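These numbers were taken from a predicted model, which means no experiment stands behind them. Residue numbers start at 1 and run along the sequence shown.
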Amino acid sequence: MNSFIIMLPNFIVAILIVLLTVILAKLVRKFAYRMMKRISKNEAIDRLTSSIAFFLFFILGIFIALRVLNLDKTVTSLLAGLGIVGLIMQGKYTHFSINGERRIDLDVGISYGDDLDKVEKVTLEAIKQISYLQKGKPVDLYFKEFGDSAIIFSVRYWVDYHTADYLRYLRAQSQGIKNIKKAFDKNDIAITFPIRTIDFGIKGGKSLSDMLKESNSS
């Protein structure tokens with residue numbers, strides 16, 4: 001009881017420090033986010049930087065509170081571990097521009113009557129005409145599935161990419177679609193759209209030829 005009474009003022013001070021730290025850390029996060037918005041056009045980087053600023057300021061306040069309670073050395077490693085886990089748990093960050101390249105995936109559906117080897121050859125040649133292709137990276141094509149009215153394949157290619165020039169990525173994607181369309185039109189390859197076939201020859205019904213005969217006779 002005597003120890004508790006002696007430490008009570010320290011507990012009160014520590015709680016006040018934590019509360020003040022939370023308030024100030026939120027302000028620091030808002031300030032860091034606004035500053036990053038001025039110098040960066042990447043939303044993910046802006047939020048990550050502001051979260052790191054909040055985390056560092058908050059940990060600093062926690063350490064001060066623990067120092068008041070003489071517990072800073074006991075829980076330092078535990079807080080560090082929990083803090084790192086909490087920063088992974090906040091969200092996934094994908095950095096596309098770290099290597100200066102990004103992959104584009106295009107899914108295309110072609111008719112069942114087309115020659116697949118020809119489709120593959122024509123598509124690869126069309127994609128290789130894109131001016132933004134990443135040197136040294138292959139262009140890959142994979143047939144994926146038998147769709148309702150088409151055979152679906154995916155063509156994948158890499159392009160030069162930088163965060164500051166996102167339009168380059170969009171242009172490379174658009175150019176790929178245009179090149180495939182032109183090449184398919186030139187080589188009589190059909191890009192399919194949903195088709196429904198009505199079958200009148202089921203058991204108990206009438207065939208289409210019989211229906212046409214009846215219609216003509218009437």
Grab the two heavy atoms, one from [X] and one from [Y], that are nearest each other, plus how far apart they are.
X: Ile17; Y: Thr21; value: O-OG1, 2.6 Å
X: Ala172; Y: Ile130; value: O-CD1, 3.9 Å
X: Val18; Y: Ala65; value: CG2-CB, 3.9 Å
X: Val28; Y: Ala53; value: CG1-CB, 4.0 Å
X: Gly109; Y: Ile152; value: CA-CD1, 3.7 Å

### Message
Could you work out, with ring-ring contact (aromatic ring centres under 6.0 Å, His included) as the rule, every residue matching Tyr142, not counting sequence neighbours?
### Response
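Per chain and number, Tyr142 pairs via ring-ring contact (aromatic ring centres under 6.0 Å, His included) with no residue.
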### Task
Would you give the length of the straight line joining atom CG of Asp115 to atom CD1 of Ile110, rounded to the nearest 0.5 angstrom?
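So the CG of Asp115 and the CD1 of Ile110 are separated by 9.0 Å.
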### Atom pair CD1 (Ile59) and CZ (Phe54), whose distance is rounded to the nearest 0.5 Å
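The distance works out to 9.5 Å.
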[X] side chain near [Y] side chain, heavy-atom distance below 4.5 Å:
X: Ile104; Y: Arg156; result: no
X: Arg34; Y: Lys37; result: no
X: Leu48; Y: Ile45; result: no

### Query
Between Val155 and Ile191, is there a shared hydrophobic cluster once you connect ILVMFWY residues whose side-chain heavy atoms come closer than 4.5 Å?
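Val155 clusters together with Ile191.
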### Task
Give the cluster check for Val139 versus Leu116: same hydrophobic cluster or not, with ILVMFWY residues linked at side-chain heavy-atom distances below 4.5 Å.
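As far as the 4.5 Å side-chain criterion goes, Leu116 and Val139 are connected within one cluster.
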### Task
Enumerate the residue pairs fulfilling side chain to side chain donor-acceptor pair (under 3.5 Å) with a member in residues 173-184, sequence neighbours excluded, ordered by first and then second residue.
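Every side chain to side chain donor-acceptor pair (under 3.5 Å) pair that includes a residue of residues 173-184, provided the two are not neighbours, is Lys181-Asp185.
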### Residue pairs fulfilling side chain to side chain donor-acceptor pair (under 3.5 Å) with at least one residue in residues 103-114, sequence neighbours excluded
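Every side chain to side chain donor-acceptor pair (under 3.5 Å) pair that includes a residue of residues 103-114, provided the two are not neighbours, is Arg103-Asp105, Asp107-Lys144, Asp107-Ser154, Ser111-Asp114.
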### Message
Would you say CZ of Phe184 has more than 12 non-hydrogen atoms from neighbouring residues, nucleotides or ligands within 6.0 angstrom?
### Response
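Buried by this count: over 12 neighbours within 6.0 Å.
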### Task
Evaluate the criterion side-chain contact (heavy atoms from CB on, under 4.5 Å) for residue pair Phe153 and Leu141; output intermediate values, then yes/no.
CA-CA 7 Å; Phe153 71 86; Leu141 187 149; 3.7 Å; yes
### Ser50 side chain to Arg47 backbone, donor-acceptor under 3.5 Å
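Yes; at least one donor-acceptor contact below 3.5 Å.
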### Query
Who pairs with Leu20 by side-chain contact (heavy atoms from CB on, under 4.5 Å), at least two apart in sequence or on another chain?
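For Leu20 the side-chain contact (heavy atoms from CB on, under 4.5 Å) partners, ignoring immediate neighbours, are Leu24.
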### Message
Who clusters with Ile15? Use side-chain heavy atoms, under 4.5 angstrom, across I, L, V, M, F, W and Y, and order the result by chain and number.
### Response
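Taking Ile, Leu, Val, Met, Phe, Trp and Tyr as members, Ile15 shares its hydrophobic cluster with Leu19.
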### Message
Checking Tyr132 against Arg171: is there a side-chain donor and acceptor pair closer than 3.5 Å?
### Response
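Distance-only check passes for Arg171 and Tyr132.
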### Message
Determine whether Arg29 and Tyr33 satisfy the following criterion, side-chain contact (heavy atoms from CB on, under 4.5 Å), listing intermediate values before the conclusion.
### Response
CA-CA 6 Å; Arg29 180 170 58 190; Tyr33 180 76; 5.6 Å; no
Distance-only check: which donor-acceptor pairs under 3.5 Å involve side-chain atoms of residues 117-127, not counting sequence neighbours?
residue : atom : partner : partner atom : Å
Lys118  : NZ   : Asn187  : O            : 3.0
Thr123  : OG1  : Val119  : O            : 2.7

